[in-house]
Amino acid sequence: MNFNDLAIFVDIYETGSLNQSAMHLGYAQSNLTARLKKLELDMATRLFIRRYNGLTPTKNGDQFYLFAKEAIQNLATIKQTFHTDKKTILISELLLNDDINNLQTIDITKDTITIKKTRDIASASLKNSFDRIISFLRLKHVSDMVETRKTIDAYYLASPLIDATQCAYCFVNRDETCPFRQQTLAEFAEDKVVIELDSFENIITCIESGQGIALLPGYLTETKKLQKWEETSRPITYYSYE
């Protein structure tokens, strides 16, 4: 048993569902089932009663939940006493670029930064400890950290060189959990040709060359050869945990 197992247990306890926790944490449901069985074996007790509509904690499960929450919180507290100004940060590519160009809360010369795709943030936060996590996905298993909800003003951007025919092409990130992708598909899935790419840098390169439009942070009009294709802002929500 380790702190990772405790975090998994806490999430399962709070959702009451292996399926929901698997989606939160980025694990296969079979993996969580195996981890839970191993935890029950280590503790020599049943922690949940399996029912058709989910999991119900036993009396021992309720007690273990209180222990797990306290242990996780104590770990976070003692880690704070060990750290100096240097921070370990887990973040996605686009949110890091937004911080560098706008907020400037991350010191890239001093902080240790781990960059992951949005879909991989939850699983990465379980495998390692971080002082700060910045994610488009809301993370329910980091109950020992303070959550702050923020937004990025996004616009459909295009190159000044784009012609009318190229506006029929819309670029999105291949990561299905990306909120920019989700917003774009909700608006244009039936009206435009949607092209999927693996990273925002690739998307920006294509847009700068006049190959189509994409929903991107508005600050890129100042740092890239891009302009607003339309003036309406789409606020994109993200979450910061510290």
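No hydrogens, no waters, no symmetry mates; every other heavy atom, side chains included, goes into these values. Just so you know, these numbers come straight off a predicted model, no measurement behind them.
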Going only through I, L, V, M, F, W and Y residues with side-chain contacts under 4.5 Å, is there a path from [X] to [Y]?
X: Tyr65; Y: Leu6; answer: yes
X: Ile203; Y: Leu161; answer: no
X: Tyr238; Y: Ile100; answer: yes
X: Phe200; Y: Val194; answer: no
X: Val146; Y: Leu75; answer: no

So, are [X] and [Y] salt-bridged, with charged N and O less than 4.0 Å apart?
X: Arg132; Y: Glu242; result: yes
X: Glu176; Y: Lys117; result: no
X: Asp175; Y: Arg181; result: no

Legend entry - Ring-face cation contact, Tyr155 with Lys228, 6.0 Å cut, 45° max: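 Flagged: Lys228 positioned over aromatic ring of Tyr155.
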Should [X] and [Y] count as side-chain neighbours, where that means a heavy-atom distance under 4.5 Å?
X: Leu94; Y: Phe180; result: yes
X: Cys178; Y: Phe136; result: no
X: Arg46; Y: Phe48; result: no
X: Ile195; Y: Val172; result: no
X: Arg35; Y: Asn4; result: yes
X: Leu220; Y: Thr223; result: yes
X: Leu96; Y: Ile106; result: yes
X: Lys150; Y: Thr237; result: no

Inset, instruction - Could you work out the complete set of other residues in the hydrophobic cluster of Val142, with links drawn between I, L, V, M, F, W and Y side chains under 4.5 Å apart? - result: Leu90, Ile121, Phe130, Ile133, Leu139, Met145, Tyr239, Tyr241
Inset, instruction - Show the numbers, then the answer: is there a side-chain contact (heavy atoms from CB on, under 4.5 Å) between Ile72 and Val10? - result: CA-CA 10 Å; Ile72 291 171; Val10 167; 3.9 Å; yes
Examine distances only and state if a side-chain atom of [X] and a backbone atom of [Y] form a donor-acceptor pair shorter than 3.5 Å.
X: Asn202; Y: Asp198; value: no
X: Asp62; Y: Lys59; value: no
X: Asn101; Y: Asn97; value: yes

Got a second to check how far [X]'s [atom1] is from [Y]'s [atom2], nearest 0.5 Å?
X: Leu226; Y: Leu157; atom1: CG; atom2: CG; answer: 5.5 Å
X: Met23; Y: Asp11; atom1: CE; atom2: CG; answer: 10.5 Å
X: Thr105; Y: Asp111; atom1: OG1; atom2: CG; answer: 8.5 Å
X: Phe9; Y: Phe3; atom1: CZ; atom2: CZ; answer: 15.0 Å
X: Leu47; Y: Glu40; atom1: CG; atom2: CD; answer: 4.5 Å
X: Thr184; Y: Lys192; atom1: OG1; atom2: NZ; answer: 11.0 Å

For [X] and [Y], work out which heavy atoms get closest and say how close.
X: Ala22; Y: Ala28; answer: CB-C, 4.3 Å
X: Ile162; Y: Gly212; answer: CD1-O, 3.4 Å
X: Ala122; Y: Ser125; answer: O-OG, 2.6 Å
X: Cys206; Y: Leu197; answer: SG-CD1, 3.8 Å
X: Gln211; Y: Ser209; answer: NE2-OG, 2.9 Å
X: Ala158; Y: Ile207; answer: CA-CG2, 3.7 Å

If we ignore angles and hydrogens, is there a donor and acceptor under 3.5 Å between the side chains of [X] and [Y]?
X: Asp153; Y: Tyr219; value: no
X: Thr88; Y: Asp131; value: yes
X: Arg51; Y: Thr56; value: yes
X: Ser199; Y: Arg174; value: no
X: Ser21; Y: Thr15; value: yes

Inset, instruction - For the pair Thr151 and Arg234, evaluate side-chain contact (heavy atoms from CB on, under 4.5 Å) and give the outcome as yes or no after the intermediate values. - result: CA-CA 10 Å; Thr151 59; Arg234 273 82 171 174; over 6 Å; no
Inset, instruction - Begin from the C-alpha positions of Lys116 and Ser92 and carry the test side-chain contact (heavy atoms from CB on, under 4.5 Å) through to its verdict. - result: CA-CA 5 Å; Lys116 294 287 184 181; Ser92 67; over 6 Å; no
Legend entry - With Leu137 via side-chain contact (heavy atoms from CB on, under 4.5 Å) - residues at least two apart: Thr118, Ser135, Thr177
Inset, instruction - Step through it carefully: locate the ring centre of Phe188, locate the ring centre of Tyr156, and say whether they are under 6.0 Å apart. - result: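 Yes, the ring centres sit under 6.0 Å apart.
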Legend entry - Audit row: Tyr13, Leu55, side-chain contact (heavy atoms from CB on, under 4.5 Å) steps and yes/no: CA-CA 8 Å; Tyr13 183 97; Leu55 300 177; over 6 Å; no
Legend entry - Partners passing ring-ring contact (aromatic ring centres under 6.0 Å, His included) against Tyr169 (at least two apart in sequence or in another chain): none
